[in-house]
Protein chains: 2
Amino acid sequence: MHSHNVHEEVTDKYSLRGRVFHKIREDILSGVYKQNEELKEKTIGEELGVSRTPVREALRQLELEGLVNIIPNKGAYVIGITKKDVKDIYMIRTLLEGLCARWACEFITEEQINELEENIYLSDFYAKKHKFAQVVELDNRFHEILYETSNSKVLRHILSDYHHYLQRVRKVSLASEKRAIQSNEEHRAIIQALINKDVQIAETLASEHIMNTIRNLEELPIGNIYEEMKVEDKNAKN
Amino acid sequence: MHSHNVHEEVTDKYSLRGRVFHKIREDILSGVYKQNEELKEKTIGEELGVSRTPVREALRQLELEGLVNIIPNKGAYVIGITKKDVKDIYMIRTLLEGLCARWACEFITEEQINELEENIYLSDFYAKKHKFAQVVELDNRFHEILYETSNSKVLRHILSDYHHYLQRVRKVSLASEKRAIQSNEEHRAIIQALINKDVQIAETLASEHIMNTIRNLEELPIGNIYEEMKVEDKNAKN
DNA sequence: CATAATGTTATTGTATACAATAATACAGGA
DNA sequence: TCCTGTATTATTGTATACAATAACATTATG
C-alpha cells in the first residue's frame, strides 16, 4: 500500500520499469495473482516481453509497497490484503480525511472548487445511468483533488496511497445507485463546508463520509467484498 | 517517506541491495547528501564496491520511500525533508498515535507491559546521566512496542515509517534532561492508562504526548533542528 | 524400505555489455 | 557577439552472461 511516503509519485508510467510496476500492481490488486502466489522474474518478463531487469526493479518496489514479500535467494510472493487491513485503513482514513478537510479550508482555491463541483455533477449523471465504472473513476478524482487542497505533500501522499489500495473494495461499494448518489450528496456537503471555510463542519463531514463508507460495506454481503481476499497463511504476522 | 505501506519491512539488511539501500537512506536522512544532489549509479557503486545493478534497485526503492526523485533518462536527486513535512507528520502522528493507544487497550499483553515499564526505567537512568543517544534509542523502542500493541499491521507500519523518518529531529528534541524526563513521565502515564484499559484517557495522553513534542521543538532555536534541511528549489510541488 | 548423500535443475543475485537518451562543448554563420 | 546545429561525452535503460543459492530428483547405503 503503500509507500506511506512523503514522496512524489514519480514512478514513470511510460518507462518500461514503470509499466511493469503498474501492471503487476494492478494484477495483484485486481486478483489476477492470488495470495502467496510466487512471482517469477523470468515468467513475468516473458509475458510482458521484457528482460528480467525491469521486472526485478518492479518487484523490489512492490515489496516496499507492501504487496509482495521477497525472500532472498528464493522468490517474490504476493501478500495481498486482508479484511482487517481494509477495516484498519478505513479507520485511519476517517481521521486523516478529517484532517485533510480541516487544512483544505485554508488552502482551497476557486479553481479547485469548480473542479470538485463539476466532478459531482458528472458523477450524479453516471450514477443515474448505472455507469458505475465512471462513478468510481470520478470518486478517485474527487478525493485526489481534495488531497491536493490540503496543501500537504505528506498528507496527500498517504491518503492517495490508501485510496488507491482500496480501489477494489470501492468498486463494490459504489456499485449501487443508492450509495453512489448518497456519496455524491456527502461530497457536496463537504465542498459547501470548504467554501464556507467552516473548519469544524468540514472535518466532521469528511470523517463521517468515510465512516458511512465503512457502514455501507458492512451492510453488503461479505462474499462480494472480500471474495478474492484469501486467508493469510500461518506465517502472516497480523 | 516512505512507503506508507501495509507491508512488512522485508528489505534484507544483509543482501547487497539491502545494504546499499540502507546506506543511501541513512546518508540522506543524516545529511551526507544534500537537497537536490544528484545520485549517480556509477559513483555510488564505486564508493560501495558494487556494480550499478544493486544501486539502481536501491534508488528505485528510495524513490518510493519519497527520499529520491528519479527523472527518467536523467538521474536520481535527493528530495530530503522540509520543515513543513516535519510539522505535517507530527500532526498526523498526533491523530494516529491516539488511535494506536485506543486499539492497544484491547490487545496489549502482560509481556508488552513489562517491556514498556522496563524501557521507561532504563530511559530515566540514561536521561539523568545525559546519555541522550541511549534515550533516543529507548524512545524508538518504546514507540515500536506501542505500535505492535495496536494489533494492526497497517497502523504499525505507517507509524513506524514516520517515526523513523523523524529520527534526526528527535535526536534534537530529546537532547535535554528536562524534556527527556518529561517524555518518560508521559510514557508512564500512557502505560498506566493502557493497564487500566481506559480507552479515552489512553488516546488523549498518547495524542498529547506528540503535541508536547511539537511544542518542545518549537521552543528550541530553529537552527538546531532544521539546519540541514535546505530550502526546496522552485520545482518542488509543496 | 527408509534415509542420507549427491548431482541436477531452476531461480535469484550480481556484474557487465550494449542501446538510448540527455547534457555539453564546439564550430560556423548571421 | 550571439545563436544554432552538430559532434562528443556522460549517464541512464535494458538485456544478457555468469555466479550463488535453493529445490528437487536420483542413487547409494543402512
Side-chain angles (χ1 to χ4, degrees), chain A residues 7-25 27-28 33-34 36-65 67-79 233-235, chain B residues 7-25 27-28 33-79 233-235:
Chain A
H7 65 250
E8 303 304 309
E9 186 63 43
V10 272
T11 309
D12 182 7
K13 280 197 167 156
Y14 306 102
S15 74
L16 253 192
R17 163 185 60 88
R19 288 214 308 276
V20 173
F21 173 79
H22 287 284
K23 176 72 167 63
I24 301 177
R25 179 159 75 172
D27 284 351
I28 292 176
Y33 298 123
K34 304 238 179 324
N36 297 319
E37 185 168 345
E38 184 170 3
L39 301 175
K40 289 176 192 163
E41 296 172 1
K42 190 156 167 269
T43 309
I44 294 177
E46 282 165 358
E47 277 168 15
L48 302 180
V50 301
S51 79
R52 282 174 53 212
T53 309
V55 177
R56 272 184 70 82
E57 290 177 359
L59 288 175
R60 293 305 178 284
Q61 293 189 297
L62 288 165
E63 182 194 22
L64 273 188
E65 289 256 319
L67 290 172
V68 156
N69 177 26
I70 291 181
I71 302 174
N73 289 312
K74 195 150 178 295
Y77 302 86
V78 175
I79 288 187
D233 68 9
K234 304 113 198 170
N235 298 325
Chain B
H7 65 252
E8 302 304 309
E9 186 62 43
V10 272
T11 309
D12 181 7
K13 281 199 165 154
Y14 305 104
S15 75
L16 251 193
R17 164 185 59 88
R19 289 213 307 276
V20 174
F21 174 79
H22 288 284
K23 176 70 166 63
I24 302 177
R25 178 160 74 173
D27 283 352
I28 292 177
Y33 297 123
K34 305 236 180 324
Q35 187 90 308
N36 298 318
E37 184 167 347
E38 184 169 3
L39 301 175
K40 290 177 191 160
E41 297 173 359
K42 188 155 168 270
T43 309
I44 294 177
E46 283 166 358
E47 278 168 14
L48 303 180
V50 300
S51 81
R52 280 176 55 212
T53 308
V55 176
R56 272 184 69 81
E57 292 178 357
L59 288 174
R60 292 307 178 281
Q61 294 189 298
L62 287 166
E63 181 194 24
L64 274 187
E65 290 255 322
L67 290 172
V68 156
N69 177 26
I70 291 181
I71 302 174
N73 290 310
K74 196 152 179 295
Y77 302 86
V78 175
I79 288 187
D233 68 7
K234 304 111 199 172
N235 298 324

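In the text below, chain A, chain B and the rest are named by the order of the sequence lines, each starting its count at 1. Scope of the values below: all heavy atoms of this structure, side chains included, with no hydrogens, waters or symmetry mates.
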Worksheet item: Checking B:Glu57 side chain against A:Arg56 main chain: does a donor-acceptor pair fall under 3.5 Å?
Response: no
Worksheet item: Would a 4.5 Å heavy-atom cut-off, applied to side chains only, mark A:Leu67 and A:Tyr33 as touching?
Response: no
Worksheet item: Less than 4.5 Å apart, any side-chain heavy atom of B:Arg25 and any of B:Gln61?
Response: no
Worksheet item: C:dT16 P sits how many Å from B:Glu41 CD, rounded?
Response: 15 Å
Worksheet item: Below 4.0 angstrom from OP1 or OP2 of C:dT12, is there any side-chain N or O of A:Arg56?
Response: no
Worksheet item: Whole-Å distance between D:dT21 P and A:Ile70 CD1?
Response: 18 Å
Fill in: Minimum heavy-atom distance between A:Val68 and A:Ala76, given as atom pair plus value
CG1-CB, 3.8 Å
Worksheet entry | Rounded interatomic separation in angstrom, taking CD from A:Glu57 and C1' from D:dT16 | 15 Å
Worksheet item: Considering only side-chain heavy atoms of B:Glu38, which listed nucleotide, C:dT16, D:dT16, D:dT11, is closest?
Response: D:dT11
Worksheet item: What's the CZ-P distance between B:Arg52 and D:dT11, to the nearest Å?
Response: 10 Å
Discussion item. Once you apply a heavy-atom cut-off of 4.0 Å, does A:Leu39 come out as touching a base, just sugar-phosphate, or nothing?
Written reply: sugar-phosphate
Item to complete: Measure the distance from NZ on B:Lys74 to P on D:dA10 and round it to the nearest whole Å.
Response: 17 Å
Item to complete: Measure the distance from CZ on B:Arg19 to P on C:dT14 and round it to the nearest whole Å.
Response: 9 Å
Worksheet item: What is the distance from CD1 of B:Ile71 to C1' of C:dA22, rounded to the nearest Å?
Response: 11 Å
Fill in: Residue met sooner reading DNA chain D from 5', once A:Asn73 and B:Asn73 are mapped to nucleotides
B:Asn73
Worksheet item: With a 4.5 Å limit on heavy-atom distance, are the side chains of B:Phe21 and B:Glu65 in contact?
Response: yes
Response to the item:
Between NZ of A:Lys42 and P of D:dT14 the distance, given in whole Å, is 21 Å
Worksheet item: For B:Arg60 and D:dG13, is the shortest distance between a side-chain N/O and OP1 or OP2 below 4.0 Å?
Response: yes
Discussion item. Can you see if the side chain of A:Thr53 gets near the phosphate of D:dT14 - specifically, an N or O under 4.0 Å from OP1 or OP2?
Written reply: no
Discussion item. Does C:dT12 have OP1 or OP2 under 4.0 Å away from a side-chain N or O of A:Lys40?
Written reply: no
